[in-house]
Number of protein chains: 2
Amino acid sequence: MLKNVEFVDKLRSSGLRPTKQRLKICEVLFNRDKTFHFTINDLAKNISEKLNEKISLATVYNTVHAFKAKGYLKEISINSDRSYFDTNTKIHHHFFDEDTNELIDCDDDDIEKINVKKNITGKKINSVEVLIKVASDNQNQK
Amino acid sequence: MLKNVEFVDKLRSSGLRPTKQRLKICEVLFNRDKTFHFTINDLAKNISEKLNEKISLATVYNTVHAFKAKGYLKEISINSDRSYFDTNTKIHHHFFDEDTNELIDCDDDDIEKINVKKNITGKKINSVEVLIKVASDNQNQK
DNA sequence: TCAACAGTTTAGAATAGTTATAATGTAGTT
DNA sequence: AACTACATTATAACTATTCTAAACTGTTGA
Ligand SMILES: [Mn+2]
Ligand SMILES: [Mn+2]
Ligand SMILES: [Zn+2]
Ligand SMILES: [Zn+2]
């Protein structure tokens with residue numbers, strides 16, 4: 001739950017000018033209790049419909065990429081036809097609901113620490129993340 | 001290492017007509033010792049360059065999707081801008097080399113069995129897969 | 001054997017998410 | 001206020017993928 005002034009600082013301290021558009025996007029993304037997942041389309045719709053603001057789609061893309069580059073967002077690929085972004089930038093696991101296409105964060109203590117026994121020579125491990133695909137329990141699971 | 005006749009049977013038994021194009025694609029994909037990962041583009045290039053055959057790109061897409069629907073291929077999303085396919089259709093884990101964009105299968109016994117303690121009500125778990133991102137060990141890791 | 005039909009291939013058009021362009025606008029600095 | 005670098009914008013371009021509809025082919029059964 002940050003205030004506008006804090007976003008201004010945050011942006012400036014990472015070398016990004018605190019423009020109206022970026023501050024508005026900060027509000028939408030970071031002025032919340034919980035982290036969440038979104039697509040660029042979700043975000044653009046959210047801004048134009050609910051907030052009645054006009055931010056160019058190009059700016060939404062630019063901003064999301066800038067925030068990702070600064071480590072304020074993380075990109076997640078579950079489905080090749082659209083990119084998901086995550087305001088939770090830590091390494092963490094997900095449930096993916098195949099019925100609704102919804103991503104759900106998995107608490108660290110919901111999965112025991114993963115022990116990777118193999119390693120690739122000359123390479124270091126940057127992340128180990130689990131994806132758990134779930135779907136409706138009843139008969140008609142596609 | 002299947003022979004042509006076996007592919008004919010395999011296709012027919014899954015309700016797919018054994019056409020020249022499908023048989024050629026079967027050869028490329030399944031006539032090997034090891035499973036592997038590819039993109040549609042890789043596959044199309046492979047066919048046109050190395051095998052000097054002319055299969056329409058639309059047919060390559062159609063066939064890969066048909067094979068996926070029949071369970072002969074699995075789609076993997078690591079990167080939102082292109083889809084990877086896997087001739088290993090079992091549930092399994094991957095290393096992803098961020099330097100080369102290469103996917104590497106992880107043997108089952110390289111990772112201890114994953115214990116998921118949480119579950120989503122009304123949903124059943126279809127798969128639990130781990131993605132391990134690796135990159136060059138030295139100074140310049142982007 | 002062969003006509004008929006459903007399934008398949010194909011080139012090319014269409015689509016959709018994303019990125020590039022280049023003109024206009026704005027924040028920060030002097 | 002003037003300058004400059006950075007940012008926004010509309011729109012064009014790009015690219016992976018899907019769609020279309022016409023031509024072709026495998027299969028069936030008379
Ligand atoms: Mn794309
Ligand atoms: Mn696309
Ligand atoms: Zn998440
Ligand atoms: Zn694999």
Side-chain angles (χ1 to χ4, degrees), chain A residues 4-5 7-28 37-48 51 53-70 72-85 101, chain B residues 4-5 7-28 37-48 51 53-70 72-85 101:
Chain A
N4 204 281
V5 202
F7 290 133
V8 172
D9 287 349
K10 187 175 175 171
L11 288 171
R12 253 200 281 260
S13 73
S14 32
L16 297 172
R17 288 186 182 170
T19 62
K20 273 193 297 293
Q21 293 84 347
R22 283 174 178 164
L23 288 169
K24 176 56 67 185
I25 292 173
C26 277
E27 254 181 65
V28 175
H37 308 98
F38 65 94
T39 65
I40 297 266
N41 217 349
D42 293 341
L43 180 57
K45 230 176 216 164
N46 197 327
I47 293 164
S48 74
L51 301 177
E53 297 272 336
K54 290 161 223 295
I55 298 182
S56 156
L57 184 59
T59 300
V60 178
Y61 272 97
N62 288 341
T63 302
V64 166
H65 287 144
F67 286 4
K68 180 189 169 193
K70 295 298 176 182
Y72 303 144
L73 289 175
K74 187 172 168 174
E75 191 167 3
I76 310 224
S77 293
I78 263 75
N79 181 298
S80 59
D81 45 84
R82 69 188 51 230
S83 243
Y84 289 78
F85 290 87
N101 270 25
Chain B
N4 206 282
V5 203
F7 291 133
V8 172
D9 287 350
K10 186 176 176 172
L11 288 171
R12 253 200 282 259
S13 73
S14 32
L16 298 172
R17 288 187 183 169
T19 63
K20 273 193 298 294
Q21 293 86 346
R22 284 173 178 163
L23 288 169
K24 177 54 69 186
I25 292 173
C26 277
E27 255 181 64
V28 175
H37 308 98
F38 64 94
T39 66
I40 298 265
N41 217 346
D42 292 340
L43 179 57
K45 228 173 217 165
N46 198 327
I47 292 164
S48 74
L51 301 178
E53 298 272 335
K54 289 161 225 294
I55 299 183
S56 157
L57 185 58
T59 301
V60 179
Y61 272 96
N62 289 342
T63 303
V64 166
H65 287 144
F67 287 3
K68 181 190 169 190
K70 296 298 178 184
Y72 302 143
L73 289 175
K74 187 171 168 176
E75 191 168 0
I76 310 225
S77 293
I78 264 78
N79 182 298
S80 60
D81 44 85
R82 70 188 52 231
S83 244
Y84 289 77
F85 290 87
N101 271 27

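Bear in mind that the values here come from a model prediction, so they are computed numbers and not experimental data. Every chain is numbered from 1 and lettered A, B, ... according to where its sequence line falls, protein lines coming before strand lines.
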Between [N] and [X], is there an OP1 or OP2 to side-chain N/O distance shorter than 4.0 Å?
| X | N | result |
| --- | --- | --- |
| A:Tyr61 | C:dT18 | yes |
| B:Gln21 | C:dT10 | yes |
| A:Arg82 | C:dA16 | no |
| A:His65 | C:dT18 | no |

[N] [atom2] sits how many Å from [X] [atom1], rounded?
| X | N | atom1 | atom2 | result |
| --- | --- | --- | --- | --- |
| A:Asn79 | C:dT18 | CG | P | 11 Å |
| B:Ile25 | C:dT8 | CD1 | P | 13 Å |
| A:Phe85 | C:dT18 | CZ | C1' | 10 Å |
| A:Leu43 | C:dG17 | CG | C1' | 15 Å |
| B:Asn62 | D:dT17 | CG | P | 13 Å |
| A:Arg22 | C:dG25 | CZ | C1' | 14 Å |
| A:Lys70 | D:dC6 | NZ | C1' | 13 Å |
| B:Leu57 | C:dT8 | CG | P | 18 Å |

For A:Asn62, give me all partners under side-chain contact (heavy atoms from CB on, under 4.5 Å), at least two apart in sequence or on another chain.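 Applying side-chain contact (heavy atoms from CB on, under 4.5 Å) to A:Asn62 gives none.
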
pair A:Leu11-A:Phe67: side-chain heavy atoms closer than 4.5 Å: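 When only atoms from C-beta onward are counted, A:Phe67 and A:Leu11 do touch, with a gap below 4.5 Å.
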
Got a second to check how far B:Ile78's CD1 is from A:Ile78's CD1, nearest 0.5 Å?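 Nearest 0.5 Å value for the CD1-CD1 distance: 10.0 Å.
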
Measuring from B:Asp81:CG to A:Asp81:CG, what's the distance to the nearest 0.5 Å?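 It comes to 12.5 Å.
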
For residues 16-28 of chain B, which side-chain donor-acceptor pairs fall under 3.5 Å, sequence neighbours excluded?
| residue | atom | partner | partner atom | Å |
| --- | --- | --- | --- | --- |
| B:Thr19 | OG1 | B:Arg22 | N | 3.2 |
| B:Arg22 | NH1 | B:Arg17 | O | 3.0 |

Which protein N or O atoms sit under 3.5 Å from an N or O of nucleotides 22-29 of chain D?
| residue | atom | partner | partner atom | Å |
| --- | --- | --- | --- | --- |
| D:dG26 | N2 | B:Arg17 | NH2 | 3.4 |
| D:dG26 | N3 | B:Arg17 | NH1 | 3.3 |
| D:dT27 | OP1 | B:Arg12 | NH1 | 2.5 |
| D:dT27 | OP2 | B:Arg12 | NH1 | 3.3 |

Minimum-distance pair of heavy atoms, taken over all atoms of A:Ser77 and B:Ser80: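 Minimum heavy-atom separation between A:Ser77 and B:Ser80: OG-N, 3.3 Å.
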
Would you be so kind as to tabulate the donor-acceptor pairs closer than 3.5 Å made by side chains of residues 40-47 of chain A, with sequence neighbours excluded?
| residue | atom | partner | partner atom | Å |
| --- | --- | --- | --- | --- |
| A:Asp42 | OD1 | A:Thr39 | OG1 | 3.2 |
| A:Asp42 | OD2 | A:Thr39 | N | 2.9 |
| A:Asp42 | OD2 | A:Thr39 | OG1 | 3.1 |

Over its full length, what angle do the end axes of the helix from C:dT1-D:dA30 to C:dT30-D:dA1 make, each axis taken from five pairs and the result rounded to 10 degrees?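 End-to-end axis angle for the helix from C:dT1-D:dA30 to C:dT30-D:dA1: 20°, rounded to 10°.
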
B:Ile40 side chain: which of D:dT17, C:dT10, D:dT11 is closest?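 Closest of the options to the side chain of B:Ile40: D:dT17.
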
Between A:Thr63 and A:Val60 (side chain of the first, backbone of the second, donor and acceptor by atom type, cut-off under 3.5 Å), is there such a pair?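 No; judged by distance alone, with no hydrogens or angles, the pair does not exist.
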
Please list all pairs meeting salt bridge (Lys or Arg N to Asp or Glu O under 4.0 Å) that have one or both residues in residues 56-67 of chain B, counting only residues at least two apart or in different chains.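 As it turns out, there is no salt bridge (Lys or Arg N to Asp or Glu O under 4.0 Å) pair with a partner in residues 56-67 of chain B once direct neighbours are skipped.
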
